[in-house]
2 protein chains.
Amino acid sequence: MYEKYVKILKDHTLKVTSPRLEILKYLDEHHIHPNVEEIYSALKKKHPSLSRTTVYNSLETLKKNKIIRSLTISGSELRYDIEEGMHHHFICTQCGAIIDIAISCPNMDRTIQGGHRVEEVQGYFKGICKKCQTKEKGRNNNG
Amino acid sequence: MYEKYVKILKDHTLKVTSPRLEILKYLDEHHIHPNVEEIYSALKKKHPSLSRTTVYNSLETLKKNKIIRSLTISGSELRYDIEEGMHHHFICTQCGAIIDIAISCPNMDRTIQGGHRVEEVQGYFKGICKKCQTKEKGRNNNG
DNA sequence: TACTAAATTGTAATCATTACAAATTAGAAA
DNA sequence: TTTCTAATTTGTAATGATTACAATTTAGTA
Ligand SMILES: [Mn+2]
Ligand SMILES: [Mn+2]
Ligand SMILES: [Zn+2]
Ligand SMILES: [Zn+2]
């Protein structure tokens, strides 16, 4: 069940703790780019002793070890992503959903830009998602 | 002095007010992608009656009218940019500087991605800026 | 099994942003 | 030019995300 996540932590010489395993599992099973509150309240149900601060601490540790990434796309809170492989993100300004955009970009692999050493690249698209466009049309037809 | 900014506001049928003019002027003359606090404290010197809330309100109005853009690159606060023309941004994790990256990207102009309607595109690069790399080298040689 | 550095926990700051109501004012109308 | 009013500005009080910190617990080692 958790072997996969145990391995990840051990490979990074991180202590294997329950909060870390649960957070990894949650992110692995929920590719919705959740914020801290979503992760916390989901895990709190199963592990009532869990502290919000632990979620913050653990996410920070996982991020420093490049096991997960944080997204600044929302502008008001960090969103977390365990998915590997370079991909970009779309945020719907209507429903707030954050969706993977699987495109490759010639600039994504560059390690130097304008003389600056690039360590991370994030491509953000903002607009109205497919689902919300459908709802919009429905409203127009019925209104 | 301010005619240029008066024109911008009038073209958008926005009321011409002192805070709006000063904010536009400040952003136009300081392409450093400042946060609210930087704008506020810079303008407060000349206009002691200025309120921080007004800076927030004005920036929001200018943004809604697409006169300026906000960047979520820092993750902790919004940064503002009046520059026109599509360009991307680099943030230095050492000194915090946010620098324009003048590259064109085939995905920047797309209005649809994965079926989603794209209204805004932001490309963020994170790493160590040119200046901080030089400092780093200096330290290494002298240390 | 005992030890210790690291992790977890809970509470109290802090910081950015928003809510709100009162005072002021830009621009339209008279 | 004066009057009027909706929009804007202002100050203060929430709110929400994140960080600081000290006490408690625990994973991994000896
Ligand atoms: Mn993703
Ligand atoms: Mn810029
Ligand atoms: Zn949507
Ligand atoms: Zn730098």
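Because the structure is predicted, anything quoted here is derived from the model rather than measured. Sequence lines set the chain letters: A, B, ... in the order given, protein chains first and strands last, and positions in each chain run from 1.
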- Item | Listed partners of B/K4 passing salt bridge (Lys or Arg N to Asp or Glu O under 4.0 Å), at least two apart | B/D28
- Query: At what angle, to 10 degrees, do the two end axes of the helix from C/dT1-D/dA30 to C/dA30-D/dT1 meet, given five pairs define each axis?
  - Reply: 30°
Contacts under 3.5 angstrom, residues 117-131 of chain B side chains, donor-acceptor by atom type, not counting sequence neighbours:
| unit_1 | atom_1 | unit_2 | atom_2 | d |
| --- | --- | --- | --- | --- |
| B/R117 | NH2 | A/E136 | OE1 | 3.4 |
| B/E120 | OE2 | B/Q122 | NE2 | 2.6 |
| B/Q122 | OE1 | B/Y124 | OH | 2.6 |
| B/Q122 | NE2 | B/S70 | O | 3.4 |
| B/Y124 | OH | B/T72 | N | 2.9 |
| B/K126 | NZ | B/I73 | O | 3.3 |

- Item | Any donor-acceptor pair under 3.5 Å from A/E3 side chain to A/M1 backbone | yes
- Task: Decide whether A/I39 and A/Y5 are clustered together by the hydrophobic rule: side chain heavy atoms of Ile, Leu, Val, Met, Phe, Trp, Tyr closer than 4.5 Å, transitively.
- Result: yes
- Query: Is there a residue in residues 63-73 of chain B whose heavy atoms reach under 4.0 Å of DNA chain C, and which residues are they?
  - Reply: none
- Do you know which two heavy atoms are closest between A/K44 and A/P48, and how far apart they sit? NZ-O, 2.8 Å
- Message: Can you list everything that forms a ring pair (Phe, Tyr, Trp, His ring centres under 6.0 Å) with A/Y26? Sequence neighbours excluded, please.
- Response: A/H30
- Query: Mind checking what makes ring pair (Phe, Tyr, Trp, His ring centres under 6.0 Å) contact with A/H87, not counting sequence neighbours?
  - Reply: A/H89
- Task: Please list, in 5' to 3' order, the outermost nucleotides of DNA chain C lying under 4.0 Å from any heavy atom of chain B.
- Result: C/dA16 to C/dG27
Protein and nucleotides 14-18 of chain D: nitrogen or oxygen contacts under 3.5 angstrom:
| unit_1 | atom_1 | unit_2 | atom_2 | d |
| --- | --- | --- | --- | --- |
| D/dT18 | OP1 | A/L78 | N | 2.9 |
| D/dT18 | OP2 | A/Y56 | OH | 3.1 |

- Which atom names give the shortest non-hydrogen contact between A/K25 and A/Y2, and what distance separates them? CD-CE2, 3.3 Å
- Pairs in or reaching into residues 49-59 of chain B: which pass salt bridge (charged side-chain N to carboxylate O under 4.0 Å, His left out), with residues at least two apart or in two chains? B/E37-B/R52
Provide a list of protein-nucleic acid N or O atom pairs under 3.5 angstrom, restricted to nucleotides 3-9 of chain D.
| unit_1 | atom_1 | unit_2 | atom_2 | d |
| --- | --- | --- | --- | --- |
| D/dA7 | O4' | B/K15 | NZ | 3.4 |
| D/dT8 | OP1 | B/R20 | NH1 | 3.3 |
| D/dT8 | OP1 | B/R20 | NH2 | 2.9 |
| D/dT8 | O5' | B/R20 | NH2 | 3.4 |
| D/dT9 | OP1 | B/T17 | OG1 | 2.3 |

- Message: I'd like to check the salt bridge (Lys or Arg N to Asp or Glu O under 4.0 Å) partners of A/D100; sequence neighbours left out, ordered by chain and number.
- Response: none
- Pick from A/I32, A/V36, A/L71: which one makes a side chain to side chain contact (heavy atoms under 4.5 Å, CB included) with A/R79? A/L71
- Taking all atoms of both residues into account, what is the closest heavy-atom pair of B/I23 and B/L43, and its distance? CG1-CD1, 3.7 Å
- Residues in ring pair (Phe, Tyr, Trp, His ring centres under 6.0 Å) contact with B/F90, at least two apart in sequence or another chain: A/H116
- What is the minimum heavy-atom distance between A/L50 and A/P19, and which atoms define it? CD1-CB, 4.1 Å
- Nearest heavy-atom pair of B/R69 and B/G85: which atoms, and what distance? NH2-O, 3.8 Å
